[in-house]
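These values consider heavy atoms only, across backbone and side chains, with no hydrogens, waters or symmetry-generated copies. In this chain, residues are counted from 1 in sequence order. Start at 1 and go down the list; that is how both ligands and their atoms are numbered.
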Amino acid sequence: MVKALYPGSFDPVHNGHVDIVERASKLVDELIVGVYDTPSKDLMFTTEERVDLFRESVTHLPNVRVQTFVGLAPNVARELGAEFILRGLRAGFDFELEFEMALMWRNVAPDIDVVCMMSSLAYQFVYSSRIKEVAKLGANVDNLVPAHVAAALKEKL
Ligand code: ADP
């Protein structure tokens with residue numbers, strides 16, 4: 001039984017995240033999406049909202065479950081019995097960040113590996129932060145997020 005943890009803030013979930021989860025769910029028996037439970041003032045959606053939005057985005061994937069997590073991702077992966085942590089890589093500076101973080105995580109938990117999946121070409125430029133920024137300024141982001149997320153963004157703004 002191969003399990004993986006896909007941790008992130010997902011504020012909010014977008015099509016790039018869903019694409020990674022759809023592709024990764026074919027490689028594992030169970031994929032746990034870990035929504036970072038943080039009250040950070042920088043986030044637009046509460047932890048509960050971020051979990052609900054992600055859950056609704058993956059109802060078509062029976063081996064994916066979405067839950068919150070607190071603490072360090074590799075420790076959480078170990079507690080959940082996940083063999084590895086999944087991350088997505090866009091072209092550009094994601095590599096530097098993920099590489100540095102993966103080495104730190106490995107230092108913390110040498111038994112938990114980090115597996116990165118390349119973002120599909122269509123989502124290379126898709127960032128939650130940029131989506132929020134342009135949506136706030138009136139842009140239509142309907143082609144970048146699931147329909148229920150677009151509706152939630154409109155309501156929030
Ligand atoms: P954070 O690292 O701040 O929690 P996110 O929650 O947005 O950022 O991202 C969680 C994971 O999803 C990270 O591995 C990130 O690289 C990946 N990711 C984000 N956007 C995309 C995208 N467009 N395509 C593929 N992977 C992505």
Side-chain angles (χ1 to χ4, degrees), residues 3-28 30-58 60-61 63-77 80 82-106 108-109 112-136 139-150 152-153 156:
K3 256 194 216 182
L5 172 68
Y6 179 42
S9 315
F10 308 117
D11 184 51
V13 57
H14 57 61
N15 292 343
H17 297 131
V18 176
D19 174 59
I20 293 284
V21 168
E22 281 174 346
R23 287 158 55 210
S25 67
K26 295 181 193 141
L27 307 175
V28 296
E30 186 174 21
L31 182 58
I32 304 163
V33 175
V35 176
Y36 191 42
D37 185 5
T38 168
S40 166
K41 288 186 223 90
D42 301 333
L43 301 185
M44 179 181 273
F45 293 94
T46 66
T47 303
E48 203 187 348
E49 288 170 332
R50 286 179 284 128
V51 167
D52 288 347
L53 291 174
F54 214 130
R55 267 196 195 132
E56 208 174 326
S57 309
V58 292
H60 58 300
L61 302 170
N63 63 336
V64 176
R65 71 181 158 98
V66 183
Q67 63 173 69
T68 60
F69 80 97
V70 285
L72 203 55
N75 290 339
V76 175
L80 292 169
E83 283 82 4
F84 65 90
I85 294 174
L86 172 72
R87 299 288 287 175
L89 276 189
R90 288 155 293 199
F93 61 60
D94 268 2
F95 176 75
E96 300 293 333
L97 290 175
E98 295 295 340
F99 187 56
E100 171 262 315
M101 197 155 63
L103 292 178
M104 180 56 81
W105 283 350
R106 176 167 295 181
V108 172
I112 305 292
D113 227 317
V114 176
V115 173
C116 291
M117 269 187 118
M118 303 302 160
S119 176
S120 296
L121 194 55
Y123 307 120
Q124 290 288 338
F125 70 103
V126 180
Y127 288 73
S128 294
S129 53
R130 201 64 76 196
I131 287 173
K132 287 181 283 186
E133 188 183 324
V134 299
K136 270 182 198 162
N140 184 323
V141 293
D142 290 1
N143 61 335
L144 304 179
V145 296
H148 65 281
V149 177
L153 272 165
K156 208 42 113 170

A.B. asks: Can you list the residues that meet the side chain to side chain donor-acceptor pair (under 3.5 Å) rule with Ser57, with sequence neighbours excluded?
C.D. replies: His148
A.B. asks: List the steps, then state whether salt bridge (charged side-chain N to carboxylate O under 4.0 Å, His left out) holds for Glu30 with Arg65.
C.D. replies: CA-CA 8 Å; Glu30 186 174 21; Arg65 71 181 158 98; 2.6 Å; yes
A.B. asks: Suppose we screen for side chain to side chain donor-acceptor pair (under 3.5 Å). Which residues come up paired with Arg106, at least two apart in sequence or across chains?
C.D. replies: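 Scan of Arg106 (side chain to side chain donor-acceptor pair (under 3.5 Å), adjacent residues dropped) gives Asp113.
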A.B. asks: N or O contacts of ligand 1 with protein under 3.5 Å, please list pair by pair.
C.D. replies:
{"from": "ligand 1", "atom 1": "2 (O)", "to": "Arg87", "atom 2": "NH2", "distance (Å)": "3.1"}
{"from": "ligand 1", "atom 1": "4 (O)", "to": "Ser9", "atom 2": "N", "distance (Å)": "2.8"}
{"from": "ligand 1", "atom 1": "4 (O)", "to": "Ser9", "atom 2": "OG", "distance (Å)": "3.0"}
{"from": "ligand 1", "atom 1": "6 (O)", "to": "Ser9", "atom 2": "N", "distance (Å)": "2.8"}
{"from": "ligand 1", "atom 1": "6 (O)", "to": "Phe10", "atom 2": "N", "distance (Å)": "2.9"}
{"from": "ligand 1", "atom 1": "7 (O)", "to": "His17", "atom 2": "NE2", "distance (Å)": "3.1"}
{"from": "ligand 1", "atom 1": "12 (O)", "to": "Tyr6", "atom 2": "OH", "distance (Å)": "2.7"}
{"from": "ligand 1", "atom 1": "14 (O)", "to": "Arg87", "atom 2": "NE", "distance (Å)": "3.1"}
{"from": "ligand 1", "atom 1": "14 (O)", "to": "Gly88", "atom 2": "N", "distance (Å)": "2.9"}
{"from": "ligand 1", "atom 1": "16 (O)", "to": "Gly88", "atom 2": "O", "distance (Å)": "2.6"}
{"from": "ligand 1", "atom 1": "20 (N)", "to": "His14", "atom 2": "NE2", "distance (Å)": "3.2"}
{"from": "ligand 1", "atom 1": "20 (N)", "to": "Arg90", "atom 2": "NH1", "distance (Å)": "2.9"}
{"from": "ligand 1", "atom 1": "23 (N)", "to": "Tyr123", "atom 2": "O", "distance (Å)": "2.8"}
{"from": "ligand 1", "atom 1": "23 (N)", "to": "Val126", "atom 2": "O", "distance (Å)": "2.9"}
{"from": "ligand 1", "atom 1": "24 (N)", "to": "Ser119", "atom 2": "OG", "distance (Å)": "2.9"}

A.B. asks: Sequence neighbours left out, what passes ring-ring contact (aromatic ring centres under 6.0 Å, His included) with Tyr123? Give chain and number order.
C.D. replies: none
A.B. asks: Name the orientation class of the two ring planes belonging to Tyr6 and Phe54 (parallel below 30°, tilted from 30 to 60°, perpendicular beyond 60°).
C.D. replies: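 Ring orientation of Tyr6 relative to Phe54: perpendicular.
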A.B. asks: Regarding Arg23 and Ser120, do their side chains bring together a donor and an acceptor under 3.5 Å, going by distance alone?
C.D. replies: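 Arg23 vs Ser120: donor-acceptor pair found between side chains.
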